[in-house]
Amino acid sequence: MPKVTPFQSIRPAPELASCIAALPYDVYNREEALAEVTREPLSFLKIDRAETQFTADVDTYDPKVYAKAKEILDSMIADGSFVTEETPCYYIYEQVMDGRSQSGIVACSSIDDYQNQIIKKHENTREDKELDRIRHVDITDTHTGPIFLVYRSNKELNQIVEKVQRAAPLYDFIANDGITHRVWRISEREELTRIEQIFDQIPCTYIADGHHRCASAVKVGLKRRNAHPDHTGEEEFNRFLSVLFPDDQLAILPYNRAVKDLNQMTVEEFLDAVKKAGFSITCKGKEPVSPSSKGSFGMFLDEKWYLLTADKTLHCEDPVKGLDVSILQNNLLNPVLNIQDPRTDKRIDFIGGIRGLAELERRVHTDMKVAFSMYPTSIAELLAVADAGLLMPPKSTWFEPKLRSGLFLHKLS
């Protein structure tokens with residue numbers, strides 16, 4: 001059963017929350033991060049991406065970049081930009097996007113639950129991406145970006161959340177991307193105890209987004225344990241910052257694909273190969289295709305949109321092989337376009353559904369030859385893969401809205 005506990009948060013002064021709150025560090029490249037910090041000097045990105053404080057000749061992973069992150073964070077705590085909660089609390093974090101609301105419980109989760117697979121994952125992580133956040137967490141001594149976790153919806157937890165949300169929020173603002181953010185504090189002892197008890201009855205939680213941040217937080221915790229062989233398990237480094245959402249409030253956007261060439265085929269040869277691979281093809285002309293059902297795909301090629309429909313023989317009951325991303329990879333991208341390993345092949349790129357179908361057309365007009373729009377993976381599919389102890393193909397899910405960094409900080413010591 002997952003150990004989900006309140007924590008003594010460091011959080012923005014209320015009047016600064018909208019300025020400090022920032023999208024996760026990994027949604028920006030270096031130039032985009034610099035532009036955002038220039039636009040909003042209080043943005044937490046200047047801590048999460050402290051290379052923005054240096055000239056371009058300074059490497060992103062230079063030790064002085066992490067030292068700068070700690071320096072800025074410490075100074076913002078000292079000058080009152082951040083305040084420290086007097087006692088451990090839970091928080092409710094609500095996000096509203098396009099009229100859809102999702103409310104999660106902000107808490108600390110256990111590194112042991114991750115190690116023991118009580119917190120279940122559905123993706124592999126890359127060591128090079130982990131190392132950056134390991135250094136950042138270790139040197140700042142702070143978890144700065146919460147891990148997006150999911151649990152199967154629980155009626156009593158929902159009732160507690162709804163009750164808390166009747167009060168005035170700590171924070172209530174609309175970010176410059178139009179997403180509404182509201183935060184409530186839970187500090188009453190009876191509610192704190194009950195929430196912890198309810199989570200103790202839930203079999204497991206799942207990583208929705210933030211696999212690398214989670215793995216990095218766990219590795220820093222294990223490193224601290226090794227450095228303190230007399231640890232009791234109650235130290236703050238045994239926990240990491242998380243926001244836990246009920247599964248029935250979440251939506252996954254598609255993660256689209258684009259490929260640089262047709263594997264030395266002409267357009268006509270390629271279309272013929274796609275048909276032979278088991279896909280029916282319907283030309284839609286200039287009308288962009290957003291698939292409306294599982295087993296269907298949009299394709300933009302040679303200034304035309306097509307609807308591809310996978311033959312029933314390509315469907316599979318296996319929780320991984322039955323995913324649309326797997327059907328496309330195993331029956332078209334690999335055998336037809338020779339994309340054997342999408343994790344490493346430089347001929348393929350992945351485009352988050354938030355960017356829209358116009359971005360697929362733009363990429364085909366610039367550096368790609370063909371693009372595919374996907375039907376989104378469902379929450380039920382994600383949980384089924386994780387429950388089976390399996391892993392999804394890369395870039396299977398795109399969650400929106402993204403959790404903001406900087407709204408909640410958790411000190412490791």
Side-chain angles (χ1 to χ4, degrees), residues 23-30 32-33 45 47-52 54 58-70 109-149 205-228 237-242 255 257 320 325-326 329 339-350 352 382 385-386 389-399 402-403 405 410 412:
L23 285 166
Y25 75 98
D26 53 356
V27 306
Y28 297 96
N29 61 34
R30 183 166 182 165
E32 290 168 340
L45 264 184
I47 295 168
D48 259 352
R49 296 289 295 272
E51 71 270 21
T52 58
F54 297 91
V58 175
D59 187 79
T60 298
Y61 310 115
D62 190 298
K64 63 185 177 185
V65 170
Y66 303 101
K68 174 61 73 171
K70 175 176 171 54
S109 294
S110 164
I111 67 172
D112 289 316
D113 287 347
Y114 180 89
Q115 292 286 91
N116 298 330
Q117 299 181 22
I118 293 172
I119 299 172
K120 298 185 178 184
K121 62 181 183 178
H122 65 267
E123 287 182 7
N124 271 326
T125 56
R126 284 172 35 196
E127 186 178 7
D128 59 331
K129 292 184 69 175
E130 288 180 20
L131 287 174
D132 167 50
R133 287 302 101 176
I134 287 172
R135 295 184 189 117
H136 194 276
V137 170
D138 203 17
I139 292 172
T140 62
D141 194 40
T142 308
H143 296 131
T144 60
I147 313 305
F148 190 150
L149 299 182
T205 59
Y206 304 81
I207 301 175
D209 202 8
H211 282 78
H212 286 92
R213 274 174 284 142
C214 191
S216 300
V218 170
K219 287 184 177 179
V220 172
L222 296 175
K223 177 183 175 182
R224 298 282 179 101
R225 283 183 176 181
N226 289 334
H228 299 85
F237 57 71
N238 292 287
R239 314 188 295 163
F240 61 86
L241 184 62
S242 57
Y255 221 141
R257 276 89 168 115
V320 173
V325 290
S326 297
Q329 173 62 35
I339 305 292
Q340 297 181 24
D341 187 349
R343 287 185 176 85
T344 59
D345 198 311
K346 301 299 184 184
R347 294 168 54 231
I348 190 170
D349 197 10
F350 304 90
L382 183 154
V385 170
L390 301 173
L391 299 174
M392 285 187 173
K395 312 299 184 183
S396 295
T397 59
W398 182 282
F399 281 90
K402 302 290 186 186
L403 302 181
S405 296
H410 172 241
L412 277 70

Determine, stepwise, if the pair Phe350 / Val325 fulfils side-chain contact (heavy atoms from CB on, under 4.5 Å). CA-CA 11 Å; Phe350 304 90; Val325 290; over 6 Å; no
Please round to the nearest 0.5 Å and tell me the distance separating atom CG of Asn238 and atom CG of Leu222. 9.0 Å
Can you give me the closest heavy-atom contact between Tyr114 and Ala215, atom names plus distance? OH-CB, 3.7 Å
Go through the steps for Val27 and Glu32 under the test side-chain contact (heavy atoms from CB on, under 4.5 Å), then give the verdict. CA-CA 9 Å; Val27 306; Glu32 290 168 340; over 6 Å; no
Nearest-0.5 Å distance, CG of residue Asp209 to SG of residue Cys214: 11.0 Å
Under 4.0 Å between a Lys/Arg side-chain N and an Asp/Glu carboxylate O for Arg49 and Asp26? no
Heavy atoms only: give me the nearest Leu382-Met392 pair and the separation to one decimal. CA-CE, 3.2 Å
Answer yes or no: is there a donor N or O on one side and an acceptor on the other, between the side chain of Thr142 and the main chain of Thr144, under 3.5 Å? no
Should Glu130 and Lys219 count as an ion pair when the cut-off is N to O under 4.0 Å? yes
Asp345 backbone acceptor or donor facing Gln340 side chain under 3.5 Å: no
Hey, mind stepping through Asp132 and Arg213 against salt bridge (charged side-chain N to carboxylate O under 4.0 Å, His left out) and telling me if it holds? CA-CA 9 Å; Asp132 167 50; Arg213 274 174 284 142; over 6 Å; no
Mind checking the NE2-OG spacing from His211 to Ser216? Nearest 0.5 Å is all I need. 12.5 Å
Between the main-chain N or O of Ile118 and the side-chain N or O of Asn116, is there a donor-acceptor pair closer than 3.5 Å? no
Could you give the distance from OG1 (Thr205) to CD1 (Ile147), rounded to the nearest 0.5 Å? 11.5 Å
Arg343 and Pro394: which non-hydrogen atoms are nearest, and at how many Å? CG-CG, 3.6 Å
Hey, is the main chain of Lys395 close enough, under 3.5 Å, to the side chain of Arg257 for a donor-acceptor pair? yes
Could you grab the distance from atom CG of Asp138 to atom CG of Leu131, nearest 0.5 Å is fine? 11.5 Å
Which heavy atom of Ala69 sits nearest to which heavy atom of Thr140, and what is that distance? CB-CG2, 3.9 Å
Begin with the C-alpha distance, continue with both residues' side-chain angles, and end with the deciding distance and a verdict on side-chain contact (heavy atoms from CB on, under 4.5 Å) for Phe237 and Val220. CA-CA 8 Å; Phe237 57 71; Val220 172; 5.9 Å; no
Applying side-chain contact (heavy atoms from CB on, under 4.5 Å), run through Lys64 and Asp59 and close with a yes or a no. CA-CA 9 Å; Lys64 63 185 177 185; Asp59 187 79; over 6 Å; no
Taking every heavy atom of Asp48 against every heavy atom of Arg133, the minimum-distance pair comes out as O-NH2, 3.0 Å
Does atom CD of Gln115 have more than 12 heavy-atom neighbours, drawn from other residues, nucleotides or ligands, at distances under 6.0 Å? yes
May I ask you to check whether over 12 heavy atoms, not counting those of Lys121, lie within 6.0 Å of atom NZ? yes
Measure the spacing between NE2 of His212 and CG of Asn124 and express it to the nearest 0.5 Å. 8.5 Å
Kindly give the heavy-atom pair with the smallest separation between Arg30 and Val58, and that separation in Å. NH1-O, 2.7 Å
For Asp141, run the side-chain hydrogen bond (donor to acceptor under 3.5 Å, both in side chains) check against Arg224, His410, Lys70 and tell me which one passes. Arg224
Heavy-atom check, side chain of Tyr25 versus side chain of Ser405, under 4.5 Å: no
Main chain of Val320, side chain of Ser326: is a donor-acceptor contact present, judged purely on distance under 3.5 Å? yes
If only atom types and distance count, is the side chain of His122 paired as donor or acceptor with the main-chain N or O of Ile207 below 3.5 Å? yes
